[in-house]
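Report on one structure; see the data block that follows.
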Amino acid sequence: VVVVVVENTSSPSQSLSSSTVGVVVGVFVFLLVIVAVVLFLRRSRHRLTVPLLQRSAIRFGDKIGEGHYGNVFEAEVTIQGSIRTYAAKTLRPGAKKVHQ
């Protein structure tokens, strides 16, 4: 018969503080994961909305560049009385329908 005796050399207060630290770290990591998931879900719900504009709300200015499918112009757009400057890309007459 073999008997193994193991002594606990740590005091009860040290053991308690180690387990308390473990619980606190575990709760912190759990909350961090919950916050990350909530932020991800909130972010995925926000979609870019593009207002439909009347042609009369857009005033094209100088040509500032061109690409494979068309030209790029400086454009002033009036939305609810506010005028903002944007870059507006136009399509060439031969551009494929799939790219419009």
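On a predicted model such as this, the values are computed, not experimentally measured, just so you know.
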Open item on the list: Distance check, rounded to the nearest 0.5 Å: K89 atom NZ versus N71 atom CG?
Closed with: 9.0 Å

- [ ] Flag yes if V37 and F40 sit in one hydrophobic cluster, no otherwise; membership is Ile, Leu, Val, Met, Phe, Trp, Tyr, and two members link when side-chain heavy atoms are under 4.5 Å apart.
- [x] yes

Task: Closest approach of R92 to H68 (non-hydrogen atoms, all atoms of both residues) - done: NE-O, 3.6 Å

Open item on the list: Do L31 and V23 sit in one hydrophobic cluster, given that two such residues count as connected whenever their side-chain heavy atoms are within less than 4.5 Å of each other, even indirectly?
Closed with: yes

- [ ] Look at the side-chain heavy atoms of Ile, Leu, Val, Met, Phe, Trp and Tyr, link any pair under 4.5 Å apart, and say whether I64 and I83 land in one connected group.
- [x] no

TODO: Rounded to the nearest 0.5 Å, what's the gap from OH on Y86 to CD1 on I79? Could you check?
DONE: 5.0 Å

Open item on the list: Would you say F60 ends up clustered with L91 if hydrophobic residues are merged whenever their side chains have heavy atoms under 4.5 Å apart, either directly or through other cluster members?
Closed with: no

TODO: Indicate the atoms forming the closest heavy-atom contact of F73 with G61, along with that distance.
DONE: CD2-O, 3.6 Å

